[in-house]
Protein chains: 2
Amino acid sequence: AGDAEAGKAKSMICASCHGVEGISAIPGYPHLKGQDAQYLINALKAYKNKERTGGMAQVMQPMAMMLNDQDMANLAAYYSQLK
Amino acid sequence: AGDAEAGKAKSMICASCHGVEGISAIPGYPHLKGQDAQYLINALKAYKNKERTGGMAQVMQPMAMMLNDQDMANLAAYYSQLK
């Protein structure tokens with residue numbers, strides 16, 4: 001399972017686009033706050049596996065490639081528990 | 001711009017997976033409530049253009065193909081304004 005504290009630390013990279021509390025200030029960038037944890041993991045894996053292409057995927061693919069499964073679980077735990 | 005009322009009517013198809021108020025009850029299916037409107041449009045277009053493959057994309061591609069640009073704008077207006 002994911003560790004939200006470790007996820008919070010890891011999320012500093014994400015915050016520049018997705019916002020400090022997972023509420024993005026940039027149209028087109030999704031809010032992550034309170035999102036479903038399994039969905040977040042699926043999306044990160046899809047970027048990492050290049051199953052998502054076009055548009056913002058060019059930005060997200062290299063980001064996701066820096067993450068291992070535990071990182072993804074931690075980030076998903078962190079963002080999904082934000083109320 | 002999108003028309004949230006028309007989007008609400010259109011969202012009946014989406015509700016079976018994404019939940020009545022855009023809060024999905026199924027792990028792996030993203031919540032849409034309060035999501036960024038431009039992101040929702042970008043995601044729907046990515047499914048329609050087959051830029052998203054793998055996993056749930058098999059389910060979402062045919063759904064997105066049923067939608068035209070106005071439908072997408074209406075759905076995005078509807079879900080993004082849900083508080």
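Chain letters run A, B, ... following the sequence lines, proteins first, then strands; residues in each count from 1. In this text, all values refer to a predicted model and were calculated from it rather than measured experimentally.
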note = Residue from B/Ala37, B/Pro27, B/Pro30 scoring the most non-hydrogen pairs under 4.5 Å with chain A is B/Pro30
message = Please determine whether residues A/Leu32 and A/Met60 belong to a single hydrophobic cluster, defined as Ile, Leu, Val, Met, Phe, Trp and Tyr linked transitively by side-chain heavy-atom distances below 4.5 Å.
response = yes
note = Per-residue tally against chain A (heavy atom, under 4.5 Å) across B/Lys33, B/Arg52, B/Gln38, B/Lys50 peaks at B/Arg52
Main-chain N/O of A/Asp36 paired with A/Ser80 side-chain donor or acceptor, under 3.5 Å = no
ask   = Who wins among B/Ala46, B/Ser24, B/Gly28, B/Gly54 for the most heavy-atom pairs under 4.5 Å with chain A?
value = B/Gly28
query = Measuring from A/Ser11:OG to A/Leu82:CG, what's the distance to the nearest 0.5 Å?
reply = 8.0 Å
Under 3.5 Å: donor-acceptor pair, side chain of B/Asp3, backbone of B/Asn74 = no
